[in-house]
Amino acid sequence: MTIGGCGYIMEAIREYLNNLFMNLPETPEALCAKAELMEMMEDKYEELIKEGKSEAEAIGIVISEFGNLEELSGELGIGDYMKKEKENGGEKPEQGRKRVAGAEKARAAYCWGFDEARDYISYAWKHAAFIAVAIFLCICSPFIDCVMEGCGEAGYLPPVIAEAIGTGALFLFVAAAVGLFCAASAMKKGYGKLSHFCVILDEKAGRYVEQKQQKDVQKRLAMRIIGISFCILSVVPSSMNFFKNPLLSEILDSSLLFIVGVGVLLIVLSASVGNRYEELKKAADNAGNKEGTAFQGDAWKPVPQKKMPKTVRIMLILAAALVVGGNVAAGILFMRSDDLSQENDVREYAFDSIRELVMNVDCMDLKVETRDLQDDNGLVRVEYRGSGSNRPKAKASGERLEIQADGRWRWLSFNFFRRKSEAMTVYIPKQAAGREYDMKIDTDAGNITCSGVSPKKLTVDLDAGNILMENCRMNQASVEVDAGNMEVRDSDITVLKGDVDAGSFKCCPPGPIEQYDMKLDVNMGEIEVNNETKGTSYKQSASAGSVRKIEAEVDLGNIEIEAVE
C-alpha cells in the first residue's frame with residue numbers, strides 16, 4: 001500500500017484523468033484538454049488547502065467538482081469528440097488506445113484521514129472477534145450438556161436437573177452465537193463491500209495503516225501457530241482418559257470440543273483481520289492502479305452504530321434470565337413430559353387472484369411444495385403440526401396472501417424443554433405453475449425446503465437454518481442466510497443471488513457452465529467451480545446471448561458450483 005503525501009494525491013488525480021480520457025483518441029485536442037483539466041484540478045486543490053481544508057476533504061471536493069467529462073467537454077473544446085464517442089457506444093477508433101476488456105463500472109472514491117483509518121482497523125478486530133467467538137460458542141455448545149450428563153450418571157445431580165441445565169446451556173450458547181453473527185453482519189454493513197470502492201489514504205493515515213499492519217502480521221502469525229497447535233493437541237486429554245468416575249471421564253472426553261474451539265477461534269480471528277486488510281488494500285489499489293474505473297470523490301461516511309441504552313440492556317438481561325430460569329424450572333417440575341398437546345391443523349385458501357404469497361414463520365421447519373392432489377381446486381393448502389398456540393394465520397389483502405405463524409412469545413411459555421418440533425407445509429396448486437406471482441419467505445429459525453415451485457420471483461430471509469431449493473423454475477431468486485447453508489439443485493433459475501454470512505453455498509445449475517455469468521466471493525473459505533479451485537474471488541462472463549447469472553457471497557464458508565450437463 002503506497003502512501004506518499006501530496007505527491008501521492010496528485011498521482012491519484014493523474015490516474016483519475018487517464019481513466020476519464022481513456023475512451024478518447026490521443027489527439028492534440030484531447031491531450032491539451034487533459035493538461036488543462038489537470039491544471040484546473042491542481043489549482044482548485046491548492047485553493048482548498050489554503051482555505052483550511054484537509055487533504056482528504058480537498059481531494060474529495062476536487063474529484064467531485066471535476067468528475068463529469070460531458071459537462072466540461074464544451075469548456076475544454078472536446079465536445080465533438082465526446083459526441084462521436086457516445087454515438088459509437090464508447091468504442092474508440094482504431095488509431096486510439098484500445099478499450100480495456102471488461103472495464104469495470106463507476107466506483108465511488110473516498111478520502112480517508114487518520115481518524116477514518118483508525119476506526120476501520122478497530123472495526124476489523126471487533127468484527128473478527130464477534131465472528132470468532134460465535135464460532136467458538138457453536139463448537140463448545142454441547143460441552144456443558146456432556147458434563148451435566150456425567151453429573152447425572154455419577155449421582156451428583158438428579159438426572160432431570162442435570163438434563164435441564166445441560167439443555168439450557170446448549171440453548172444459551174447457540175442463541176449467543178446467533179446474536180454475535182447477526183451483530184457482526186450489521187457491523188459489516190456500515191462499511192459495505194469496501195473492496196468495491198476506491199479509498200485514498202492521506203499521508204498520516206497511510207503510515208498508520210502500514211505500521212498497524214506490520215505489527216498485526218506478527219500477532220496474527222502467533223495466533224495461527226497457537227490455534228493449529230491447539231487443534232492438533234486437542235485429542236490428547238481424551239486419549240489419556242483412564243478415569244472410572246463418569247463426571248471426570250465426560251470432562252476429559254468433551255474437553256476436545258473446548259480445545260478445538262479455542263484453536264479455531266484463534267485461526268478465524270487471524271484470518272478475518274487479514275481479510276479486512278486485504279479489502280482495504282484492494283480499495284486503495286482501485287483508486288490509483290486499475291484501468292477502466294471512473295469515480296466521484298467524497299468523504300467516507302460509515303453507517304453510524306447506535307449504542308443500546310443501558311436501561312434497555314438491563315431489561316434484556318432480566319428478560320433472558322426470566323425466560324431461561326422459567327424454562328429450566330419447567331423442565332425440572334414437569335420432568336420433560338412428552339404429553340404436551342400436539343395438533344394437526346389443515347387449512348385452505350383461495351389462490352385465483354393472488355400475485356404475492358408471503359410466509360412469515362418463527363422457529364419451525366417450513367416446506368413449500370407443488371400440490372400433488374387431484375382435487376386441489378386452485379387452493380393453497382397449509383398443513384401444520386405443533387402447538388395450538390402457534391397455529392398459522394392467514395390474511396388476504398387484494399392480490400397478497402400472507403401466512404404467518406408468530407411464535408415471538410413462545411419462550412415465555414416456560415415449556416421449551418418439553419416442546420416438540422413444529423413444522424408447516426404449504427402446498428401450491430398445480431395450475432399456479434403458469435401464472436406470474438412472487439413468493440417471499442421470512443424465517444427466524446428453522447429449515448426451509450422449496451420443491452417444485454415456480455414463482456416469478458422468490459425472496460428468502462433466513463436468520464438461522466438451512467435452505468434447500470430443488471426442481472424449482474423461476475426468473476429470479478434472492479436468498480439471504482445469516483447462519484446456515486444454502487443448496488440449489490435440479491432447478492432452472494435465470495438469476496440466482498445468494499448471501500450467506502456463516503455457512504456454505506452449493507449450486508448445481510443445469511446446462512454447460514459457460515452459459516452463466518458468475519460473480520463469486522468468499523472472505524474465509526474457497527470457491528470451487530466444476531471441481532476446480534478458484535481461490536476467494538471468481539468472475540465469469542456468460543456466452544453470447546445468455547442472460548443467466550449466479551451471484552454468491554459467503555463471509556465464512558465455501559462456494560461450490562457444479563453444472564449438471
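Only heavy atoms go into these numbers, but all of them, side chains included; no hydrogens, no water, no symmetry mates.
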Is it true that [X] and [Y] have a side-chain N and a carboxylate O under 4.0 angstrom from each other?
X	Y	result
Asp345	Arg347	yes
Lys212	Glu210	no
Lys395	Glu402	no
Glu383	Arg385	no

Going from [atom1] on [X] to [atom2] on [Y], what distance comes out if it is rounded to the nearest 0.5 angstrom?
X	Y	atom1	atom2	value
Ile448	Met486	CD1	CE	10.5 Å
Cys140	Ile135	SG	CD1	11.5 Å
Leu366	Leu462	CG	CG	10.0 Å
Ile527	Ser537	CD1	OG	6.0 Å
Asn275	Leu280	CG	CG	12.5 Å
Leu458	Leu357	CG	CG	10.0 Å

Using a 4.5 Å cut-off on heavy atoms from C-beta on, say whether the side chain of [Y] contacts that of [X].
X	Y	value
Val358	Ile403	no
Leu266	Phe136	no
Arg118	Glu116	no
Val368	Tyr427	no
Ile139	Val264	yes
Met187	Lys126	yes
Ser229	Ile232	no
Glu348	Val380	no

Does [Y] offer a backbone N or O that forms a donor-acceptor pair with the side chain of [X] under 3.5 Å?
X	Y	value
Ser272	Val268	no
Asn447	Asp365	no
Glu149	Ile144	no
Ser185	Cys182	no
Ser234	Cys231	yes
Gln540	Ile513	yes
Ser141	Cys138	yes
Ser546	Ala542	no

side-chain contact (heavy atoms from CB on, under 4.5 Å) assessment of Phe171 paired with Asp145: CA-CA 10 Å; Phe171 165 71; Asp145 193 22; over 6 Å; no

Check: residues 470-483 side-chain donor-acceptor pairs under 3.5 Å, at least two apart:
| residue | atom | partner | partner atom | Å |
| --- | --- | --- | --- | --- |
| Glu470 | OE1 | Arg489 | NE | 3.3 |
| Glu470 | OE1 | Arg489 | NH2 | 3.4 |
| Arg473 | NH1 | Asp490 | O | 3.2 |

Steps toward salt bridge (charged side-chain N to carboxylate O under 4.0 Å, His left out) verdict (Glu436, Arg355): CA-CA 7 Å; Glu436 290 191 353; Arg355 293 295 178 268; over 6 Å; no

side-chain contact (heavy atoms from CB on, under 4.5 Å) between Leu180 and Leu137, worked out: CA-CA 10 Å; Leu180 288 173; Leu137 291 175; 3.9 Å; yes

All pairs passing ring-ring contact (aromatic ring centres under 6.0 Å, His included) where residues 507-558 contributes a residue, at least two apart: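 Non-adjacent pairs meeting ring-ring contact (aromatic ring centres under 6.0 Å, His included): zero.
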
Of all pairs that satisfy salt bridge (Lys or Arg N to Asp or Glu O under 4.0 Å), the ones with a partner from residues 260-277, not counting sequence neighbours: Arg276-Glu279

Salt bridge (Lys or Arg N to Asp or Glu O under 4.0 Å): pairs with one or both residues in residues 514-531, sequence neighbours excluded: none

Aromatic ring proximity, centroids under 6.0 angstrom, Phe143 and Phe173: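 Ring-ring flag for Phe173/Phe143: false, centres at least 6.0 Å apart.
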
Aromatic contact, Phe181 with Phe130 (centres under 6.0 Å):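 No.
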
Can you see which heavy atom on [X] is nearest to which on [Y], and at what distance?
X	Y	result
Gly511	Ala563	O-CB, 3.3 Å
Ala129	Leu269	N-CD1, 3.5 Å
Thr443	Met364	CG2-O, 4.2 Å
Thr459	Lys457	OG1-CE, 3.9 Å
Val147	Ser254	CG2-OG, 4.0 Å
Val361	Met424	CG1-CE, 3.2 Å

Residues which pass salt bridge (Lys or Arg N to Asp or Glu O under 4.0 Å) with Lys506, listed by chain and number, not counting sequence neighbours: none

Side chains of Arg224 and Ser270, donor plus acceptor under 3.5 Å: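 Their side chains do contain a donor-acceptor pair, which is all the 3.5 Å distance test asks for.
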
Donor-acceptor side-chain pairing of Asn523 and Asp555 below 3.5 angstrom: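 Result is yes, a qualifying pair exists.
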
Heavy-atom neighbours of Lys497 NZ exceed 12 at 6.0 Å: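 Incorrect, the count does not exceed 12.
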
Tyr349 atom OH: more than 12 heavy-atom contacts under 6.0 Å: yes

Audit row: Leu468, Cys450, side-chain contact (heavy atoms from CB on, under 4.5 Å) steps and yes/no: CA-CA 6 Å; Leu468 171 64; Cys450 295; over 6 Å; no

Steps toward side-chain contact (heavy atoms from CB on, under 4.5 Å) verdict (Glu356, Lys440): CA-CA 8 Å; Glu356 184 179 26; Lys440 295 182 179 180; 3.2 Å; yes

Set of residues satisfying side-chain contact (heavy atoms from CB on, under 4.5 Å) with respect to Ser504, sequence neighbours excluded: Asn485

